[in-house]
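Notes for the one structure printed next.
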Amino acid sequence: MRLTIILLRTFLYLMLAVSAASLHGGFAAAQEQPQAEAPAPLADSGLDQAVKDIEKAKAKLTSLQESVKQSADNDDALVGLSTQVDELGRHILATSVKLRPRFDQIKHRLTELGDPPKEGQPPEAQIVTDERNALTAERAQINAVTGDAESLSVAVNQLMNEVAETRRRLFAETLLRRTEVSISVFDDAANAFVAEVGEFREALSSWLSFVWKFKRFPMFAAIFMSLATGLVMLSGGYRMFGRYLTRDDGIENPSYISRLSIAFWSTLIRTFALAAVLVTSYIFLNSFNVLRPDIAPVIGALFAAIGLIYFVGRFSNAVFAPGEPQWRLVRLSNRGAQSIGACLLAMAIVNALDYLFGSISEAMGSPLVLTVVRSFIAALIIGLILIAASFGRPMLARDGDPDAPGRHWPRGMAIILRLLGIGLIVTALTGYVGLARFVATQLIITGAIVVTTYIGLLSGKAISKQESFGDTFIGRFLRNRFDMGPVAIDQVGLAVGLAIYAVALLTGIPLILLLWGFHIQDLQLIAYRLFTEVRLGGINISLLGIFTGILLFAGGYFLTRWVQRWLDTNVMARSHVDLGVRNSVKTGIGYLGVAVAAIFGVSAAGIDLSNLALVASALSVGIGFGLQNIVSNFVSGLILLVERPFKVGDHVVSGTAEGIVTRISVRATEIETFRKQSIIVPNSELINAAVGNWTHRNKVGRSEIPVSVSYDADPQKVMDILLELVNEAPFVLRNPEPHVEFLRFGVYSLDFELRFMLADMGEGMKVRNDLRVAILKRFKEEGIEIPLPQSDVIFRRDDVVAPAPEPSAITVDEQPDDDTDDGAVRHLRGKTADGNRKL
């Protein structure tokens, strides 16, 4: 055996020697031939493709600059060029971003290689030098390409600003262009109007005859499909919001939320239904080749005019409710509501006709003088309507009767209306017809949209008000259908109110921007930048990224809760894992999952986590002073969950509470006393103080019952009776065996203590209670007396009659027992000069 051990040791030594020699030889070979250990080539950086993309971007930028110069007087062309310039800027930025990983890789590799050896130092391997030189050259190329990309980005931004400035200049020149207003201008306009009417009559008649002969079926099909689309939208709106589309004449005093809802939804849904009919009709007619190039813009203008007039009419009817004062949103008299509604509708008709006639003039190729005179007349009519409306008496009478004559406008409102009317007239008379016409149009359309949006916001506010949504039709339906409580209904009302806010704003703001000169492409560009890149100083915020981060966090949170439930019910419950272990695992997984979900959500939102490190370092001082207790409790909670000195369900005793642990979190532990009182104990107190745990490793524990008997009892018989009774009790363990201790000779009793082990300390109170009853009953049967406390009182008195002794002269020799009750009977023994006397 010893020989075998010696041979094994020799073999191991030989193997070690051979290994050392091979390592030494390999190291020497590496020193002599360094090119044999050349590092693997790094990944392709895509630098060549980046150079090509930058060259293409330069050519594209030059082309766009020339196009902007050529289209300096065409706003529509500038809108398209603006979109192309923005796309070019994003492409250049993406090209620069693609080079960053390779740049960081080169930087990290150069740091690993270190600086080249200085004079006097040993030379390095040639492969290291070659790699350093190659990486340095590539880094210089990347810096050059990145510099070109930055220069191009600056040029792109300058071109974007140039396009925006050119469009602003065109807008200002169009509005502030002055036209001569004279009798000759009106004569020329009248002649042009007569010629235009004749040309348009011929074009319209020829088109109608052509459609009737050759496009009859496509025309009816297009009209039918458009009407079907509008009916579907209208019927869907009635099914979803039917209660808010019609007024109930039987309601004498409707709530403000009902009036707001009906005004908003009736205007919005019916206008959208008509808009769907008009838009789809135009699309279908144009798709079926029913419209000719000279008639198509006229039909489009006609549909737009119909939509505008209908919208203003629905709006005025919804807000002013001329024939139903109980549904009116503003305090106006009946006559005032009718007059204001008529003024608004008249101005809408003037604007719509002016726009329609302008489209006809453009289609027929009429001279500019006709457009100028038509806009001049429209501005004058609208100015006169505003002045006439300022002298009305639309305000509700002081007694509140809507049929009574109303009061005048408030002074400020009347002055504003007159100034607007006079301003329009003066602006038109001085030759600024375009400005007057633009202001007149915006007064009607923009005002109606703003007020409608405001009504929508008021509706959302009223619905989201606490305990308001439950009184609505939808709220009652949800309560009856899904048996939802008041709190759930109120939360749904808050969500509905926010949705109404979104609908009102997302509908009103784009329409206002379109009316004020923006194009669809502008709105698309604004929306793209809003959702992808919002710059606040040096921070870029992406609303889309924030929304994605919120979704990721919510998904991670719900996934964590599902994993907790699955592990608890399918893994740990089947494995009969202890309840405390299950609670610790669930809590740990919960905090870990929420932390990971928060990290993913913050990263997806585009927030750099390195910035949070700066915030954390700045808060470290505050944590050290103001938040040290919170941090202490948090760390203590983690220690409790990991070390598990006690767990959920344990019976613990601390300096502040005693009871059953019901919950352990990272900040505090909840202990429920036996009186069902919940005590929240900070974790740091449980870590730093002594805590007794009756069920730390198991629920086995010892219980005691003290028993006292009189001196006349037989001690052995007492012990036998106690052992007999305890062996018959349930939940008492037989190993270790119960036993009885003869503790002491008491002052008036023999004191014993019955000790036994319980399998579950939670049953201790019931077991002790049953044993005490059994002991008392058995002692009565056996004639064993349980003594009561006794006290001796000794009275001393002389033979000579003397005054009554002072209370201090009476001595009481009491021999109480601490275990006796307060209501126990005491025996008093008095001793006088004549002898002893029992009292």
Side-chain angles (χ1 to χ4, degrees), residues 39-111 113 129-169 519-522 524-535 538-542 544-545 606 608:
L42 297 176
D44 185 14
S45 63
L47 185 60
D48 295 337
Q49 183 63 37
V51 172
K52 294 178 181 178
D53 293 340
I54 293 298
E55 293 299 327
K56 291 180 181 179
K58 290 180 179 179
K60 181 68 174 177
L61 178 61
T62 303
S63 175
L64 289 175
Q65 290 174 343
E66 293 295 330
S67 300
V68 169
K69 292 179 181 179
Q70 295 175 3
S71 304
D73 297 331
N74 190 343
D75 186 67
D76 293 334
L78 290 175
V79 171
L81 292 174
S82 176
T83 304
Q84 296 181 26
V85 172
D86 183 74
E87 292 177 356
L88 178 62
R90 292 199 298 268
H91 178 70
I92 294 172
L93 180 61
T95 302
S96 177
V97 170
K98 288 180 181 179
L99 296 177
R100 291 178 185 175
R102 176 59 179 171
F103 184 83
D104 295 337
Q105 188 181 14
I106 293 174
K107 182 179 179 182
H108 178 70
R109 182 59 180 166
L110 288 175
T111 303
L113 295 177
T129 303
D130 294 341
E131 183 180 359
R132 184 186 295 107
N133 294 335
L135 292 176
T136 303
E138 187 176 357
R139 183 177 63 178
Q141 293 178 359
I142 293 178
N143 287 330
V145 174
T146 305
D148 291 342
E150 292 179 356
S151 301
L152 284 176
S153 297
V154 173
V156 166
N157 292 330
Q158 292 177 352
L159 185 58
M160 284 287 294
N161 295 332
E162 181 181 350
V163 172
E165 181 63 29
T166 303
R167 292 187 61 198
R168 284 193 292 267
R169 179 180 56 80
H519 289 72
I520 296 295
Q521 293 85 348
D522 296 329
Q524 291 175 350
L525 184 60
I526 292 173
Y528 177 82
R529 290 184 175 178
L530 180 65
F531 283 99
T532 58
E533 183 181 1
V534 178
R535 185 177 297 275
I539 302 175
N540 292 331
I541 298 177
S542 172
L544 186 60
D608 189 2

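Between the CD atom of Gln49 and the NZ atom of Lys98 there is a distance of 7.5 Å, given to the nearest 0.5 Å. Here the CD atom belonging to Gln105 is positioned 9.0 Å from the CG atom belonging to Leu135, to the nearest 0.5 angstrom. From Asn143, atom CG reaches atom CZ of Arg139 across 7.0 Å, with rounding to the nearest 0.5 Å. Rounding to the nearest 0.5 Å gives a distance of 13.0 Å between CD of Gln141 and CZ of Phe103. Interatomic distance, CD of Gln158 versus CD of Glu162, reported as 9.0 Å (0.5 Å rounding). Distance check: Leu88 CG to Leu61 CG gives 6.0 Å after rounding to the nearest 0.5 Å.
Judged as a side chain to side chain contact (heavy atoms under 4.5 Å, CB included), and not counting sequence neighbours, the contacts of Thr146 are Ser96, Leu99, Ile142, Glu150. Shown here are the side chain to side chain contact (heavy atoms under 4.5 Å, CB included) partners of Lys58, two or more places apart in sequence or in another chain: Ile54, Glu55, Asp148, Leu152.
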Original post:
Please walk me through it: do Lys60 and His91 pass side chain to side chain contact (heavy atoms under 4.5 Å, CB included)?
Top reply: CA-CA 11 Å; Lys60 181 68 174 177; His91 178 70; over 6 Å; no
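The heavy-atom pair separating Ile92 from Ser153 by the smallest distance is CG2-OG, 3.5 Å. Considering every non-hydrogen atom in both Leu64 and Leu159, the closest pair reads CB-CD2, 3.9 Å. Across every non-hydrogen atom of Arg132 and Leu113, the tightest pair is NH2-O, 3.5 Å. Closest non-hydrogen pair, Gly89 versus Val156, comes out as CA-CG1, 3.9 Å.
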